[in-house]
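For reference, the structure is listed below as structure tokens.
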There are 2 protein chains.
Amino acid sequence: MNNNNKVTNDIDAIPSLVQSKRQIDRYNLDIDAQAILVASRLMAAGAKLGHASEIHFSRFGLSTGRYRLLADLEDNEGEELPSQLAEHLGVTRATVTGLIDILERDGLVSRRSSSDDGRQRSVILTEEGAKKLRQMAPEHFARLEAMVGLLNIDERSVFLDLLGRVTQGISALTGELGSKPKGNISNE
Amino acid sequence: MNNNNKVTNDIDAIPSLVQSKRQIDRYNLDIDAQAILVASRLMAAGAKLGHASEIHFSRFGLSTGRYRLLADLEDNEGEELPSQLAEHLGVTRATVTGLIDILERDGLVSRRSSSDDGRQRSVILTEEGAKKLRQMAPEHFARLEAMVGLLNIDERSVFLDLLGRVTQGISALTGELGSKPKGNISNE
DNA sequence: CTTATATAGTTAGGAACCTAATTATATCTC
DNA sequence: GAGATATAATTAGGTTCCTAACTATATAAG
């Protein structure tokens, strides 16, 4: 029952429609229970994916954030400023500093002071860092592809469309009540 | 350019299809770029939602985890064991202990030793905790509903179906290479 | 030129969640 | 009933990311 319990744990954590209904009914709110279910399921999925992602990257001695930093470096000729990395990854500069610290310690990137602007210290993908990316690519991408393997091509397009719109809607959580979501999303 | 920068940050962080293509092409892998895009977008959405959720609940003096614990208590007649809570929330018992500590400090729950089993200490939703849930319900659910407001009823069903299948696929990240995803998901 | 202000990166400290070890109680097995 | 084993909750310490404060350099205003 030990191992079994862990699996059950994940599955039981999936929010149900009856649960959503019950919560709404309790306060006599005029809310669509399925909408709440969508929100709850997306949160659960996001948390699950985040956790799985850390496990995935830990096999290569990386974390999700450190992999994303390396990949972004590779995508930019192997050299970027910390501020650019922060923007690309959608994290703060403070977080980038921490990611670089560990990657540098492990020899996957190095720091170089700029002569143009004494405040800047650009980050460089080392040969070892490039090798790491090369080595993990086949397994990494195969697993990502397998993850969406239960969806066919058309379904993937639909999913991207719907996910994009829900993602826009996330601002409803943080913005002013009753305001329309803003920001645009393209598939290119 | 200060405030503007923060908004741009989020938007730029959205992964693009060309980016996925470039990464796959670099290593001559036989992988569907759109599949990688789906995976990347879902990760980005999950992270964004997680962050927004914390901001949302902080308005009520709660965190996402602490709210979920209160809501689960309310859904179970206001009394549960920490181990049950851990299972329902999909977190470890250690995490539940930490959540309870703060909720108890704030007077929203209390702990009671069981006479049945001396190891158990059940958690009770206090009147103040119930009041907190009552007070936040209208705004909380209205915001959740608004979040999926860009999807009509049919689209919500489709999204739930597709999200469910992708969620099943997440095990491809953690499981053995080439193994089929397992576990079932119902909409009830 | 000097003072004020903006910007790049870092440091310090905090929140949320994790794993592993610990403590206390319960339940088997002989 | 005594010793081994299992279970409930907690504690200790680590990871990831955050905000806010700080340092150093660059730029603008007088």
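Letters A, B, ... mirror the listed sequences (proteins, then strands); counts begin at 1.
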Subject >> Shortest side-chain distance from A/P82, nucleotide among D/dA9, C/dG9, C/dC17 >> reply: C/dG9
**OP:** Tell me whether the OP1 or OP2 atom of C/dT10 has a side-chain N or O from A/T97 closer than 4.0 Å.
**Re:** yes
Original post:
When you measure from the side chain of B/I102, which nucleotide among C/dA26, C/dA8, C/dA16 comes out closest?
Top reply: C/dA16
Original post:
If you check the A/T95 side chain, which of D/dT11, C/dT19, D/dC18 turns out closest?
Top reply: D/dC18
**OP:** Could you check how far CD1 of B/I55 sits from P of D/dC18, rounded to whole Å?
**Re:** 11 Å
Subject >> Side chain of B/R111 - closest among D/dT16, C/dG9, D/dT10 >> reply: D/dT10
Original post:
Whole-Å distance between C/dA15 P and B/L99 CG?
Top reply: 13 Å
Produce the list of close N/O pairs, under 3.5 Å, pairing protein atoms with atoms of nucleotides 1-3 of chain D; give distances to one decimal.
none

Subject >> Atom pair distance, as rounded to whole Å: CZ in B/F57 and P in D/dC18 >> reply: 19 Å
Original post:
So does A/R119 get a side-chain nitrogen or oxygen closer than 4.0 Å to the phosphate oxygens (OP1/OP2) of C/dA6?
Top reply: no
Subject >> A/K48 NZ - C/dA16 P separation (whole Å) >> reply: 24 Å
Original post:
So A/S122 and A/S114, side-chain hydrogen bond (donor to acceptor under 3.5 Å, both in side chains) or not? Walk me through it.
Top reply: CA-CA 7 Å; A/S122 63; A/S114 161; over 6 Å; no
**OP:** Can you measure from CD (B/E79) to CG (B/L125) and round to the nearest 0.5 angstrom?
**Re:** 10.5 Å
Subject >> Nucleotide nearest B/S83 (side chain, heavy atoms from C-beta), chosen from D/dA9, D/dA20, C/dG9 >> reply: D/dA9
Original post:
Taking atom C1' of D/dT25 as reference, at what distance in whole Å does atom CG of A/L81 sit?
Top reply: 14 Å
Subject >> Heavy-atom side-chain proximity of A/E155 to A/V158 below 4.5 angstrom >> reply: no
Original post:
Does a nitrogen or oxygen in the side chain of A/S63 sit under 4.0 Å from OP1 or OP2 of D/dT15?
Top reply: no
Subject >> Proximity to the side chain of A/D101 - top-ranked nucleotide from C/dT11, C/dG9, D/dA8 >> reply: C/dT11
Original post:
Between A/I100 (CD1) and C/dG9 (P), how many Å, whole number?
Top reply: 8 Å
**OP:** Using a cut-off of strictly less than 4.0 Å, decide whether B/R121 has a side-chain nitrogen or oxygen near OP1 or OP2 of C/dT25.
**Re:** no
Subject >> Rounded distance (Å) that lies between atom P of C/dA8 and atom CG of A/D116 >> reply: 14 Å
**OP:** For residues B/F159 and A/F159, establish whether the separation of their ring centroids is below 6.0 Å.
**Re:** yes
Original post:
Does a sphere of radius 6.0 Å around CG in B/D30 hold more than 12 heavy atoms from other residues, nucleotides or ligands, not counting ones at 6.0 Å or beyond?
Top reply: no
Subject >> side-chain hydrogen bond (donor to acceptor under 3.5 Å, both in side chains) between A/S157 and B/Q34, worked out >> reply: CA-CA 8 Å; A/S157 289; B/Q34 205 185 23; 3.1 Å; yes
Original post:
Which whole-number value in Å describes the distance from A/E80 CD to C/dG9 C1'?
Top reply: 15 Å
**OP:** Answer yes if the ring centres of A/H140 and A/Y67 are under 6.0 angstrom apart, and no otherwise.
**Re:** yes
Original post:
Of B/R66 and A/G98, whose closest DNA chain C nucleotide lies nearer the 5' terminus?
Top reply: A/G98
Original post:
Looking only at heavy atoms, what is the nearest atom pair of A/I170 and B/A52, with distance?
Top reply: CG2-CB, 3.5 Å
